[in-house]
Structures are given as structure tokens and as C-alpha cells.
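Protein chains get the first letters and strands the later ones, always in sequence-line order, with residue 1 at the start of each.
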Protein chains: 2
Amino acid sequence: MANQNSSEDIDYGILDTLVGYKLRRAQVNLFNHFSEHCSRFGITPGLFGVLSIVERNPGLTQTAIANALGNDRSAMVSVVDRLEAMNVVERKPSTSDRRSHALFLTKHGEAFYAELVEEVLKHEANFTSLLNEGEKALIIDILDRFAAHAPSKA
Amino acid sequence: MANQNSSEDIDYGILDTLVGYKLRRAQVNLFNHFSEHCSRFGITPGLFGVLSIVERNPGLTQTAIANALGNDRSAMVSVVDRLEAMNVVERKPSTSDRRSHALFLTKHGEAFYAELVEEVLKHEANFTSLLNEGEKALIIDILDRFAAHAPSKA
DNA sequence: TATTGTTATACTCTATAACTATA
DNA sequence: TATAGTTATAGAGTATAACAATA
């Protein structure tokens with residue numbers, strides 16, 4: 001057992017300089033911690049995103065929410081099904097367009113979401129405690145640039 | 001059509017302040033661009049990670065590589081199968097342990113990887129051009145902190 | 001003609017458990 | 001007993017295509 005090639009021995013080469021690789025490693029860790037932290041709510045980061053949009057924008061259609069989050073509307077069906085089964089969100093028939101459903105938090109959903117947000121903020125604080133003054137605003141600004149960038153093909 | 005609820009009308013609420021949400025949106029965009037950019041190589045970010053480790057650490061076992069990348073060893077099987085089918089990586093029997101395979105780039109794999117790295121660096125430059133002086137080093141440092149953080153349960 | 005929610009489908013990624021051959 | 005590679009499997013996430021109802 002002279003050499004078990006533990007992680008410390010590894011040369012990561014170019015990976016150590018690539019923002020994409022570092023982003024992925026960081027995101028996986030945050031995602032896992034979020035899920036552990038919010039497991040008692042049965043809420044994943046994806047579900048939390050939908051809840052947050054619904055809470056601040058009551059009455060939006062499923063398609064509008066999918067667009068806001070950068071997802072396909074087909075993926076919204078099972079998500080909203082799950083949130084309805086948890087009695088936190090409800091579909092109401094749109095008054096203006098009978099094709100679409102307007103989404104709202106239920107009464108229970110509002111209390112549920114308020115409690116959930118507290119937990120999410122604890123999770124967030126757990127990671128932002130790693131940041132020095134000004135670094136949180138800066139990294140969010142940088143990540144916004146990365147998310148909005150429509151790169152040239154060249 | 002007075003209000004189609006286009007993305008500009010959306011109130012993202014707490015999502016706009018959460019590092020986890022911003023990380024995800026940024027990473028999805030980088031991932032998509034990487035895949036488009038490297039599609040002619042048939043290489044995904046995950047495959048590129050394995051190739052990079054093999055290139056810099058020839059002779060490692062599959063399990064050692066999986067650990068280095070934070071993946072499960074069972075996921076390595078199809079990855080290495082694919083890279084072998086592309087004739088860029090080869091499994092060689094380990095001289096010291098007949099249970100394990102040592103991984104190496106093939107001759108073709110070395111040229112392939114060199115060309116691939118050029119493309120990846122173009123992709124990287126496309127995004128890091130959004131950064132000001134010093135921001136790249138800072139964001140990589142911050143992402144390293146996020147990836148290494150083992151949060152308390154409390 | 002176009003759009004909404006939906007279904008069916010498929011593909012990737014990821015993880016777990018169990019098997020075999022070795023150690 | 002423990003570990004390496006493997007297989008089978010299952011879950012989540014994501015995307016496309018097509019359909020019925022409606023616009």
C-alpha cells in the first residue's frame with residue numbers, strides 16, 4: 001500500500017484553471033447541502049425555485065414560470081403535480097385564457113414557504129460565511145454575467 | 001395580449017440573492033456552451049475531466065480517478081468504455097494489482113487531447129472575457145472554498 | 001396558425017446494491 | 001475481511017415531439 005493515489009496526489013492540470021469545472025464542483029456541494037438541509041420539507045432546489053416565483057408572482061402560468069427559470073414547460077407538469085400533492089400550490093383556471101392555469105400558494109403553502117425560507121437562509125449563510133466583505137455581491141454579479149452571456153460560436 | 005409575463009416582469013425575490021441559484025444558472029449556461037463548442041469532438045465536460053486527469057496522471061486506476069473527480073466508481077465504467085471506443089484511452093492491466101486497470105491516453109488520444117484543450121481554452125476565454133482584472137483568480141478561489149466546505153448540520 | 005398543458009418518450013447523470021475476482 | 005471493476009437498476013433532471021383544447 002505504498003501509494004493508494006489519494007486525492008492529494010492528483011495533478012488536476014488544466015481543470016484547476018477552468019471556471020466551468022470549478023463551478024460544477026461548487027454547485028454539486030451546495031446542491032447536496034441544500035437537499036440535506038431541506039429534506040424535512042421534501043423540497044429540492046428546483047422545487048424551491050418554482051415556489052419562490054409563485055410566491056412573488058401569484059397567478060403566473062406554468063409556461064411563464066418555466067421561462068423565468070430557464071426550463072421547459074413540459075418539466076413543469078410533474079413539479080406542479082408534486083407541489084399540489086404537498087398542498088402548497090394550487091392550479092386555478094385562468095380567467096382570461098381557458099388554456100392556461102394560474103398558480104398560487106395555498107394558505108398552508110404560505111406558512112410552509114415562510115418556514116422554508118428560514119431554512120434556506122441558514123443554508124445560504126453557512127456558505128456565505130466563507131466570503132469576505134464584498135465578495136458575495138461580487139460573485140453574484142459575476143455569476144449573473146456568466147448566466148446572461150450568449151457566447152459567439154467562434 | 002396586454003401582459004404575456006415576459007421574463008422582465010418577473011420578481012425573482014430571494015432567488016436573486018442566493019448563491020446556489022446563481023451558481024446553477026451560470027453553470028447550465030457554461031455547460032451548454034462547452035457542449036456546443038466541443039461537439040465535434042464528441043466530448044462532454046465530464047469526459048473532459050476524466051481525460052485531463054488521465055493525461056496528467058497516467059496509470060491511475062478507475063477508482064482513483066472517480067475519487068479525484070468526486071464521482072462514484074460505477075459511473076466510470078461507461079465513461080471509460082466510451083473513451084476506449086473513441087480510441088483515446090486504454091485500459092492496461094495493473095502490474096501490481098490484478099483487480100485494477102491502469103488508464104493511459106493512447107497515441108491518438110494525446111493528439112486528440114491537445115487539440116481538444118485548444119478548443120476548451122477558447123470556450124473558457126469566451127467567458128473569462130467577461131471578467132475584469134483579478135476577478136478570475138478571485139472567483140476560482142471562492143469556488144474552491146465552496147467546493148471544499150463541509151457545512152455543519154446546524 | 002400559434003399556444004397551453006399534457007403525455008409519452010428518451011437521454012444523461014448520479015447513486016446504490018450486489019456480484020466476481022482478486023487482495 | 002476488504003477492495004476493483006462491473007452489472008443491474010432506479011431516480012432525478014432535462015429535452016423533444018405530438019396531441020387536444022383553446023386562442
Interatomic distance where CG belongs to A:Asp81 and P belongs to D:dA12 [whole Å]: 14 Å
For atom CD of A:Gln62 and atom P of C:dT7, their distance in whole Å: 10 Å
Interatomic distance, B:Gln27 CD vs C:dC13 P [rounded to whole Å]: 12 Å
Nearest-Å distance for atom pair CD1/P, residues B:Ile43 and C:dC13: 11 Å
Distance in angstrom units between B:Leu47 CG and C:dT14 P, rounded: 11 Å
Pairwise 5' ranking along DNA chain C for B:Asn71 and B:Arg98, keeping only the more 5' one: B:Asn71
5' precedence on DNA chain D between A:Ser96 and A:Thr44 (nearest-nucleotide basis): A:Thr44
Out of C:dT7, C:dT4, D:dA8, whichever nucleotide has its closest atom nearest the side chain of A:Ser74: C:dT7
Per A:Val77 side chain, nearest of listed nucleotides D:dG13, C:dT7, D:dT22: C:dT7
Under-4.0 Å side-chain N/O to phosphate OP1/OP2 contact, A:Arg82 with D:dG11: no
Distance below 4.0 Å between A:Arg24 side-chain N/O and C:dC13 OP1 or OP2: no
Separation of D:dG13 P from A:Leu69 CG (nearest whole Å): 13 Å
Whether A:Glu84 side chain and A:Arg91 backbone form a donor-acceptor pair below 3.5 Å: yes
Any N/O donor-acceptor pair, B:Thr63 side-chain to D:dT3 base, under 3.5 Å: no
Nearest atoms (heavy-atom pairs only) where B:Val54 meets B:Leu105: CG1-N, 3.7 Å
Touch class at under 4.0 angstrom, heavy-atom based, for B:Ser94 against every strand present: nothing
Nucleotide C:dT4, atom C1' - distance to CG of A:Asp97 in whole Å: 7 Å
Presence of B:Arg73 side-chain N/O under 4.0 Å of D:dT7 phosphate oxygens OP1/OP2: no
Whether A:Tyr21 and A:Tyr12 hold their rings parallel, tilted or perpendicular, with breakpoints at 30° and 60°: tilted
Whole-Å gap separating P (C:dC13) and CE (B:Met76): 13 Å
B:Lys136 bridged to B:Glu124 by N-O distance under 4.0 Å: yes
Side chain B:His108, main chain B:Asn87, donor-acceptor under 3.5 Å: yes
Minimum-distance nucleotide (side-chain atoms of B:Asp72 versus D:dG5, C:dA15, D:dT3): C:dA15
